[in-house]
Amino acid sequence: MQSIVRWSVVVGVLVVALGIGGLVPQAQTQTFKVCSDISWPPFEWTDAKGQFVGFDLDVMRIIAILKGYKVDIQNLGFDSIIPAVQAGQCDIGASGFTITKERAQVVDFSDPYWESNQSVLIRTDSGLNIITAFKAGNKIGAQRGTTGAQWVEDNVINQGIKVELKLYETYPLAEQDLINKQIHAVVEDEPAAKVAVKASKGVLKIAGIINTEEQFGFLVRKGDPNKLLPRINDGMKEMKKKGIWNNLVEAYFGVDVNLDRVTQCWADLKGYLDKNQPDAYAENMAACMAGESYKKP
Amino acid sequence: MSSNIVVRVEDLHKRYGNEEILKGVSFTVRQGEALAIIGPSGTGKSTLLRCINRLTEPDRGRIFLEDTEITSPHVDINKIRQQIGFVFQDFNLFAHLTALDNVRLGLMKVKGFSKKEATERAMHELARVGLAEKAHAYPAQLSGGQQQRVSIARALAMDPKVMLFDEPTSALDPELIGEVLQVMQELAEEGMTMIVVTHEMGFARSVCDEVIFMEKGVIVEQGPPEQVFLNPQQPRTRQFLGKISELYGGAR
Amino acid sequence: MSVILSWDTWRLLLAGTVVTVELTASLLAVGLVLGVLVALGQAYGPRPLAALCSSYERFFRAMPILVLLIVLNYGLAFLASTYELLWLRLPAFAVAVLAFGLHSSAYQSQIFRGAIRAIKPGQLLAARALGMTRWQAIRYIVLPQALRLAIPGWSNEYSGVLKDTSFVFAIGVTELTRQGWQIMQRTREVFLIFITVALIYLVLTYLGTWLLEWVERRWGVPGLTGQRQEEYGRVI
């Protein structure tokens, strides 16, 4: 009896040892490629020094710290990201992707992390409001393929109001036409509209918000071969529980979206991320962006 | 076999499509002999000449350079061609090279001369054709006669056993013909073995040792110039020479 | 809207310019080598090789560059991951050089073929008559002349591909246009950024064309390469 116990212990120890041995290569820190079209502030953009900054990227970096892997952020054209994820060139797509049925057929999405609404952007001196902006005969700008463009089609044009919808490659071009008085209003994502208002120094303003409640998600290859989604979802929960999430939202989507300031705050504070201290990073980032006093790492 | 035969052509045939250009041509050229081939245009004279260094592949027949059968499939034709100088009707100088480089190129790349050796040899040949001072001129900067003299120098530099001239003065303005014929005459006098396809009857008569009159792919008449020009045996030869003298007012 | 770009902005635009220049130079080099080989194959190769070269040229000329770029990028990635061929995981820059190089080689082969056609064939006969091999005749007679004759065509090809390189951001190479795009997203200074980008392209086009003209003059041969205006004065 005794010997059986002793042998069981020996075998048990061996099994555990072998198990650990077998696990060792996997226990090494894995690196995952995060692909993003880094030209969509404040979710992701390149700052004045050419560094990759933004809400999506910070979330990716912080989850990686919490879940013990590394991320390698790649700058890739928006339309190329999903094919690249399918081809295995990217492990995660993090670029303000709206969760849609079509996309969900070819990739897997994380839990939604952001709910975006559309802003109606007008010239301050135009005297328009959210109703008069869509008067028949007006020209409305939107970015091609966005929820904003779809909304104008469905809820204005298809309702019989004859506005002219002008589509642009990117928001800044639509905003420029608005400033140049070529169009009457632009419908775009709320955070992007805040960036435009800030950059226009008072020339543009938000006339109102349209609730479309589209949801953003991170995406991975169909079937999630690297088992990333549980880690991402769990990581987001942990961020929210620790207050990191709120601080990041505060930093990037506060009342005043100040992109230039990020260059400074990021330079001062990214050391916290290198030291695996996401809590301190987010807390000070929020303070720095709000113009309050903050502590460098 | 007599060792002093340089070129021997036996029963040469060549056809392009349905047209038979050469219908069995045979002749020999001895060491130091200058052979002229005359006859109306389009009778296969140039084809015959190009067959001799296989720029054109003959269909049938054999050609020997001294004791080597150059029509044999086992022969390295590039080795043979080095020993046969060829002068074209329209010179064919290398347009991107100076006169000196035109002459030097074959020496360096084919014969493996060093640059220094090749330069010496090339300058010697250019002087021989009276163009030493034009060594650094490009072909476009030379007159037709000068270009043809450079092309002769280019061929001579390879130390050929025989020189083939394919209507070397036909593309030249009349006043430039003399300088080229002059060089060719000097070559003949120095004992160079030559085969010259030409319409210059005066040159054929006064410089060459033997004349072949060709028509429609066959040799009609062959003999020393005095015989062919003054006492042709064949009616066709007489007819042809009569036409020539009508055109040019007698053999020049 | 500020009138003068900040030094940081210039630095980013210059970084993009360097990528654009490196990409253009590399793709032209790849295209040159392949293009010359294809043209020689077409002009002097045995019939099957000539046919192969012709189909190669037609295929890559028919292919829109963006399609080629994306097919190659994901095609290689797919092969790499399916057959575990790690060496096929090329960096985006290398994929871009390859795709553009293949595309350009088709156009360059045409330029070069035209140049080969412009060489008087008698020169090749003369070379063979001296005892040169086929390859020697090509190497010492055809190549030096055709390369010179091709320079004006290349000048065209250069300014064409320089602009096309802005497509490479699709696969993640951040060149000049993309840098401008990213700066625009941050600053919203649409006009100022893109007028600067346009000026940089203008300078690059001008410099490249000037360089090729200089090369043409430097290696020019009287009577072979184009007579310049100073030789004739203004004709019309």
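Letters A, B, ... mirror the listed sequences (proteins, then strands); counts begin at 1. Excluded from the calculations below are hydrogen atoms, water molecules and symmetry mates; all remaining heavy atoms, backbone and side chain alike, are included.
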- Query: Testing B:Leu97, B:Val110, B:Asp101, B:Leu105 for side chain to side chain contact (heavy atoms under 4.5 Å, CB included) with C:Tyr140, which one passes?
  - Reply: B:Leu105
- Message: Nearest 0.5 Å, please: how far is CG in C:Leu143 from NE2 in B:His96?
- Response: 9.5 Å
- Task: Return the minimal non-hydrogen interatomic distance between C:Ala126 and B:Phe94, and the atom names on each side.
- Result: CB-CE2, 4.0 Å
- Note on the structure: For C:Pro222 and B:Gln141 the tightest heavy-atom approach is CG-NE2, 3.4 Å
- Query: Would one find more than 12 heavy atoms of other residues, nucleotides or ligands at under 6.0 Å from atom NZ of B:Lys111?
  - Reply: yes
- Just wondering, are more than 12 heavy atoms of other shown residues or ligands nearer than 6.0 Å to CZ in B:Arg15? yes
- Task: Can you tell which part of B:Arg154 gets under 4.5 Å to a heavy atom of chain C, answering side chain, backbone, both or neither?
- Result: both
- Select one option (side chain, backbone, both, neither) describing which atoms of B:Gln82 are under 4.5 Å from chain C's heavy atoms. both
- Task: Measure distances from C:Arg139 to the heavy atoms of chain B and classify the residue's part below 4.5 Å as side chain, backbone, both or neither.
- Result: neither
- Query: What option among B:Ala95, B:Ala157, B:Gly85, B:Ala140 has the most heavy-atom pairs under 4.5 Å with chain C?
  - Reply: B:Ala95
- Task: Assess whether atom CD of B:Glu190 is packed by more than 12 heavy atoms of other residues, nucleotides or ligands within 6.0 Å.
- Result: yes
- Message: To the nearest 0.5 Å, what is the distance between CG on B:Leu107 and CG on C:Leu130?
- Response: 8.5 Å
- Note: vs chain B, highest number of non-hydrogen pairs under 4.5 angstrom among C:Pro121, C:Ala127, C:Ala129 is C:Ala129
- Task: Could you look at B:Leu93 and say if it's the side chain, the backbone, both or neither that has a heavy atom under 4.5 Å from chain C?
- Result: backbone
- Value for CZ (C:Arg128) from CZ (B:Phe86), rounded to nearest 0.5 Å, stands at 13.5 Å
- Would you say B:Asn78 and C:Gln136 make side-chain contact, with heavy atoms under 4.5 Å? no
